[in-house]
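A short write-up of the structure that comes next.
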Amino acid sequence: MQREATNKITPWEVCDKIDYEKLVKEFGVTKIDKKLQDSLKGLHPILSRGVYFSHRDFDKWISNAEKGKKVSILTGRGPSAKLHIGHLIPYLAAKSLQDKFDCEVYIPISDDEKFFVKEGLKYEEAIKLSRDNILDLIALGFKPGKTFIFEDFVYTDIYRYAAKTAKRISYSTAKAVFGLKPENNVGWSFYPAMQAAHILFPQFHKGKHMTLVPVGIDQDPFIRVTRDIAEHSDFNFEKPAAIHAKFIPSLYGDAKMSCVDSLGLNVIFLDDDKKTVESKIKKYAFSGGKDTLQEHREKGGNPDIDISFQYLKMFFEPDDKKLQKIHDDYKSGKMLTSELKQILIQKVNDFLEEHQKKKKLAEKQIDKFILK
Ligand code: TRP
């Protein structure tokens, strides 16, 4: 069943269908237009095929990068669970842009945020999850020496920057922008200052320059608040730029992938084994195929709503020609759902096999990435 598009969206609650056009207006962000989209050709599919739909000053960031001015990228992780494919969206974007522009990437890990927000999450557990998530991120292949990861609970130097940003964010702003409620603990109400400190960290650390923050649109409130204080005379920084990703549906074809069902069957975790991947995709990946073989052969499938096709498009088939052929064959009925799913299963399992190997190696590299 299709849900009504609602726009109840704060960083801590988004599981509904989203009306992106409406969000662009409400949030006062700029749509990524054709010219900007065309300039992303050759980058990872997550950037080149329209998952990122809106931005703040991304054109300016690119132009600085192309002119050889110093730029950086920053995107963070709130470690509340182990990672699945959907979590990779901002990191795939960051890595692809790092490869292209050879710039620094910063990855703050907000273990404090999840500790404040998740009632049941214990301090020790938050720290353990951080470690696991960090290994997954390193495994993506970021450049050592140009990529800096820090955890709020470990890299406590971040506190003095958070104090500086906290001083410039009024309580009423935080309350309005983040929908804070009176019963929320004070750690939670302070946290926006911490994330603002993350976003300005590359400038605190390396001086004034433009930082790009790839995020899900639910994180834009943090960007807005940070942009509002960046130029204050306390800092004299550049306003950070941002690009906003759409929420990629779960295997069920509905809602945001981060709304994992209780058994974790609607997402592919980075530690899933081959059998699990095969069974999840076969059983649960929402299909745009027809009900009977005969009808499918006659009328063809609908790749636009087919989750297997969408995952190939966004993550796993970078070759435009191959993707187009799959699209056309599926649409004409020449390719069956079972065949399409088999392509995805193979691609996902190849990716995960590599990833799981690299994650093991990451344990030895971790010191090259963690800020002390
Ligand atoms: N709040 C983000 C989340 O829950 C994680 C995060 C922490 C972040 N610091 C950040 C994202 C800085 C972007 C920029 O997913």
Side-chain angles (χ1 to χ4, degrees), residues 9-15 27 29 52 55-58 61 72-84 86-95 97 104-118 121 126 129-130 133-134 136-137 147-155 158-159 161-162 165-166 169 174 177-180 184 187-205 210-227 229-230 237 239-248 256-260 371:
I9 173 164
T10 75
W12 300 290
E13 50 188 344
V14 247
C15 278
F27 278 31
V29 295
Y52 284 89
H55 74 107
R56 294 181 186 272
D57 284 342
F58 185 36
W61 185 90
S72 63
I73 301 171
L74 177 140
T75 186
R77 163 78 190 145
S80 57
K82 63 179 179 175
L83 293 180
H84 57 67
H87 288 131
L88 297 184
I89 294 167
Y91 307 101
L92 296 173
K95 165 154 174 29
L97 290 165
E104 291 179 343
V105 169
Y106 293 81
I107 307 178
I109 307 289
S110 55
D111 38 17
D112 55 341
E113 174 186 23
K114 297 300 152 173
F115 176 67
F116 292 139
V117 169
K118 296 225 154 186
L121 186 63
L129 272 168
S130 298
N133 286 184
I134 287 170
D136 275 318
L137 298 178
T147 307
F148 309 100
I149 303 177
F150 57 95
E151 305 155 70
D152 292 339
F153 279 151
V154 178
Y155 184 72
I158 192 67
Y159 178 74
Y161 301 131
T165 56
I169 302 171
V177 176
F178 298 98
L180 293 170
N184 293 150
W188 187 336
S189 66
F190 177 78
Y191 178 73
M194 182 56 87
Q195 190 152 327
H198 292 165
I199 295 171
L200 296 178
F201 183 78
Q203 300 192 73
F204 277 124
H205 219 52
M210 231 179 159
T211 303
L212 173 70
V213 192
V215 277
I217 185 73
D218 60 305
Q219 296 291 306
D220 189 68
F222 292 109
I223 309 280
R224 224 181 316 158
V225 165
T226 309
R227 282 170 62 91
I229 63 170
F237 288 155
K239 283 186 196 293
I243 46 176
H244 310 107
K246 286 187 182 165
F247 297 111
I248 304 270
K256 184 187 169 193
M257 223 194 275
S258 68
C259 299
V260 178
L371 276 184

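Counting starts at 1 for both ligands and their atoms, in listed order. Reckoned from all heavy atoms, side chains included, excluding hydrogens, waters and symmetry mates.
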State the atoms of ligand 1, each with its element, that fall below the 4.0 Å cut-off from a heavy-atom position in L74.
12 (C), 14 (C)

Show which atoms of ligand 1 fall inside a sub-4.0 Å distance from at least one heavy-atom site of V215.
13 (C)

Quick check: are there more than 12 heavy atoms from other residues, nucleotides or ligands sitting under 6.0 Å from CZ of F153?
yes

Under 4.0 Å, heavy atoms only, figure out whether ligand 1 is touched by the backbone of V213, its side chain, both or neither.
side chain

Using a strict cut-off of 4.0 Å, indicate which atoms of ligand 1 neighbour a heavy atom of Y191.
7 (C), 9 (N)

Under 4.0 Å from one or more heavy atoms of E113, ligand 1 contributes atoms 1 (N), 2 (C), 3 (C), 4 (O), 5 (C)

L129 versus L121: any side-chain heavy-atom pair under 4.5 Å?
yes

Which label fits F178 and F222: parallel for a plane angle under 30°, tilted from 30 to 60°, or perpendicular past 60°?
tilted

Take a 6.0 Å sphere around NZ of K239 and say whether it holds more than 12 heavy atoms from other residues, nucleotides or ligands.
yes

Closest to atom 4 (O) of ligand 1 (judged by heavy-atom distance), picking from H198, K114, R77
K114

Under 4.0 Å between a side-chain nitrogen and a carboxylate oxygen: does that hold for R56 and D220?
yes

